[in-house]
Protein chains: 4
Amino acid sequence: MNLIVKPRRKPSQSRAWMTSGAIQDAFLLLVVEHGYEQVSIRDIATLAGVGLGTLYLYFPGKDSIAAVTVRSRLRRLAADTQAACATGVPRTLAETVHVLARVHVHTLLGEAAPWRALLVLERRITPPGVYRELYKAFVQVLRDACAVAIDWPAELDPERSALNAFAIIDALVKNALLVQDVCPDADELLHDVECAVNGYFQKALERSRAATASA
Amino acid sequence: MNLIVKPRRKPSQSRAWMTSGAIQDAFLLLVVEHGYEQVSIRDIATLAGVGLGTLYLYFPGKDSIAAVTVRSRLRRLAADTQAACATGVPRTLAETVHVLARVHVHTLLGEAAPWRALLVLERRITPPGVYRELYKAFVQVLRDACAVAIDWPAELDPERSALNAFAIIDALVKNALLVQDVCPDADELLHDVECAVNGYFQKALERSRAATASA
Amino acid sequence: MNLIVKPRRKPSQSRAWMTSGAIQDAFLLLVVEHGYEQVSIRDIATLAGVGLGTLYLYFPGKDSIAAVTVRSRLRRLAADTQAACATGVPRTLAETVHVLARVHVHTLLGEAAPWRALLVLERRITPPGVYRELYKAFVQVLRDACAVAIDWPAELDPERSALNAFAIIDALVKNALLVQDVCPDADELLHDVECAVNGYFQKALERSRAATASA
Amino acid sequence: MNLIVKPRRKPSQSRAWMTSGAIQDAFLLLVVEHGYEQVSIRDIATLAGVGLGTLYLYFPGKDSIAAVTVRSRLRRLAADTQAACATGVPRTLAETVHVLARVHVHTLLGEAAPWRALLVLERRITPPGVYRELYKAFVQVLRDACAVAIDWPAELDPERSALNAFAIIDALVKNALLVQDVCPDADELLHDVECAVNGYFQKALERSRAATASA
DNA sequence: CATGAATGAGTATTCATTCAT
DNA sequence: CATGAATGAATACTCATTCAT
């Protein structure tokens, strides 16, 4: 028989948001500067301006800080992307792709250094399950945005197309930040992304029609 | 390489090769089973059947084992890809893309489980610099392969095109292994990859010509 | 702010007594269940139904709670023992020993489980100084009780005899609670205790007289 | 098979014994000086002259060091006691008690300071189960020693008598070390112990015979 | 009087690495 | 070449305590 039920002590709401944010910011800053392994819990607490014990009121451990930091920022990016597509104006598929790509490219290249750090961190700490979950959140946004395009070709499978389209966008942008020696101009990158996505849609459509015709 | 085998001096080298391989295999096995963090140098040495000190004769440290394991396998993939394109037969760009994509897709999906483990590990441990280096090795292969296509369009920048093309191939294949719930059929995936790459080349060419014309 | 001065002055004291008791009870309960090390100040405060800071109004720290809990209970036992001997009726030494032993044996074996817990706790937390102090309190009671026995032999040193007598009583009772697999019957134990104490007195007297005679 | 017997160095065993002993000695020394809580693993390792990690090759943790230190010393005392009784010469019960008591008293008072420290430590760290186990080991020794006395009275239960006799010896000796302000002379203490034990045996016998006669 | 959010000192423990054999 | 006993640097985390409310 256990007489003690230990409840998770929880900080108050308004303060919680601030403190948690400060901790995440401090964490990301330190990771950028020194790398994940070299960042100690003490460093984070110090830079965040909170006590060591306080940090543990908000996060159960170091891994959790990393996970929340990555997830919150990527989810926010997904939300921003969705918001950018949410205008009631009817759009063609090419226009939709343009908007989607532009948000992605400009957001990340607009603050290249922190995003590069976040992406490196994400590779480092995100377990496969979370990776999949985050990925799919983006795919949902793309699928919904493309599906309402006025010229969406019925021949294409929305789910599969969106998956591939996002993979392409994501790959090219990560390419720019993580692989290329000198980060390319945002508009050049945007151009390539649009080429790739629109080219994929067009070619997929051609092949689909060819297959149907031959059948 | 030297085709003349001199058996007298080789035992140490062949032993070295064997031991190093055994260590890498043990390492990969343990990582798949327990995760990178949980694998200790001792575990690796024990499973590889070598002494603790012996391990340090072959690798300077734990990180090195991980790095070599990942690098050697990815470099071998790059080499296989290069070899597949190395036949003297002239080819069109589309044929080249087909060969490249097919090697990549079939190699990885042919042994999906170990490759998935390797890719997860690679995300986990590869530092940015090594990532870039490995990526570029693949880009070189693509660039060289495409550049000799009989219909390579002079308007396209080989380097940039190859970079984007490999990003697309890589993204779609990783997608299949790491994101999708059920790993797609290799031929379906190959189809998508070809659509995306060929579509990208085509659209890039169109835009390039349009830009030139308008100028 | 309440500017009206409340005439009652006592609530604080009765409240103080209640709260302190609740804290001690909670502490003892938790120690019995989880062991001293596992009990945190938070647990005690929670189970006692008081705030964390409130606890510090009654006790300066964790050790103090343990010390007070043990001391108050052992002092009460000493007081009860003293009270049992305090009747004005003249008694022989054997009768006195009987009363003393009976109180000790029946009190502890009457509620064996909690007393066992208390004795285990006492071993665990009582520092040497406090142990000595508590021990001497009991010795005082014994000495005073024996000294007024109508047949107290002048040859025996009261202090030393009482010390040994209490050591014997205490040892046999603790034996019963802490060592023996099955707690013996109270009357059997009482019999042994009386044998030992009376036997000690008798033998000590014999030797004392023999020594005097030979001198 | 290697038939050549290599002179196997046994640094492991002889070294193990030395190192373990050094650690225990260091531990006991530090506990005497600063108290159990204040002794850190680091201090122990430093004073023992071994590395921090080395300590963990011999003991799984701090508690283990304490437990082994206490148990090994108390078991050695029990073994010494047993050895002292092991002479083939027939003895009376009183002679046996004398030998037993003398070993106990002289051993502990002979090195009062370290034994006091050990007993304080024992109270502090020994869990009830271990306490019982150690206690019973001593009782065994007493029972076996008394049972072969040439005048052992058949009326007494050997187990119960030995339990009480040891409780008395133990109590008076601990008394001397832990309670009394000035440690008494060994011979005086021995006198008291013999009085108490012999008195107990005599009185128990009297009562037993009285009970039999009345029945 | 009562509270509990915030604090940070203090420590056990792991494990990569070395070097004597 | 091979070994593994010995090492100690490095760090996450707990929990008693305080003090502003």
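We name chains A, B, ... by the order of the sequence lines, and we start the count at 1 in each one.
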If dA10(F) has a Watson-Crick or G-U wobble mate with both distances under 3.5 Å, name it; if not, just say none. dT13(E)
Measure CD1/Ile44(C) against P/dG4(E) and give the value in whole Å, please. 16 Å
dT18(F) pairs with which nucleotide, Watson-Crick or G-U wobble, both distances below 3.5 Å? dA5(E)
Are Glu122(B) and Arg71(B) within salt-bridge range, i.e. N to O under 4.0 Å? no
N/O donor-acceptor pair under 3.5 Å between Thr126(C) side chain and Arg123(C) backbone: no
Counting side-chain heavy atoms from CB outward, which of dA12(F), dT7(E), dT17(F) is closest to Leu52(C)? dT17(F)
When rounded to whole Å, the CG to C1' distance for the pair Leu55(B) and dT18(E) reads 13 Å
To the nearest Å, how far apart are Met18(D) CE and dA5(F) C1'? 15 Å
Specify the residues of residues 27-34 of chain D, ordered by number, for which at least one heavy atom lies under 4.0 angstrom from an atom of DNA chain E. none
Starting from the 5' end of DNA chain E, give me the residue, Val50(A) or Thr54(C), whose nearest nucleotide shows up first. Thr54(C)
Separation between CG of Leu57(A) and OG1 of Thr19(A), rounded to the nearest 0.5 Å: 9.5 Å
Taking only side-chain N and O atoms of Ser40(C), does any of them lie within less than 4.0 angstrom of OP1 or OP2 on dC15(F)? no
Taking side-chain hydrogen bond (donor to acceptor under 3.5 Å, both in side chains) as the definition, give me every residue that meets it alongside Arg116(B), ordered by chain and number, with sequence neighbours left out. none
Describe the nucleic acid contact of Gly53(A) in one word from base, sugar-phosphate, nothing, applying a heavy-atom distance below 4.0 Å. base
What is the separation between atom CD on Glu37(C) and atom P on dA12(E), rounded to the nearest whole Å? 12 Å
Between Arg42(B) and Val39(C), just flag the one whose closest nucleotide in DNA chain F comes earlier from the 5' side. Arg42(B)
Integer angstrom distance from the C1' of dT21(F) to that of dC1(E): 13 Å
Whole-Å distance separating the CG atom of Asp43(C) from the P atom of dC15(F): 9 Å
Provide the closest heavy-atom pair for Tyr36(C) versus Ala66(C) in the form atom of the first, atom of the second, distance. CE1-CB, 3.9 Å
Look up atom CE in Met18(A) and atom CD1 in Ile23(A), then write down how far apart they are to the nearest 0.5 Å. 11.0 Å
Nearest-nucleotide check on DNA chain F, Gly61(A) vs Gly51(D); residue mapping nearer the 5' end is Gly51(D)
Separation of dC13(F) atom C1' from Phe59(A) atom CZ, nearest Å, is 16 Å
Proximity to the side chain of Leu57(C) - top-ranked nucleotide from dA2(E), dT7(F), dT3(F): dA2(E)
Cation-pi geometry met for Lys62(C) and Phe27(C) (6.0 Å, 45°): no
Ile23(C) CD1 - dT3(E) C1' separation (whole Å): 13 Å
I want to verify a distance call: between dT3(E), dA12(F), dG4(E), whose nearest atom is closest to the Ile41(A) side chain? dA12(F)
Side-chain N,O (Tyr56(B)) to OP1/OP2 (dA2(F)) below 4.0 Å: no
For Asp63(B) and dC15(E), what is the distance between atoms CG and P respectively, to the nearest whole Å? 15 Å
Ring pair (Phe, Tyr, Trp, His ring centres under 6.0 Å) partners for Phe59(C), two or more places apart: none
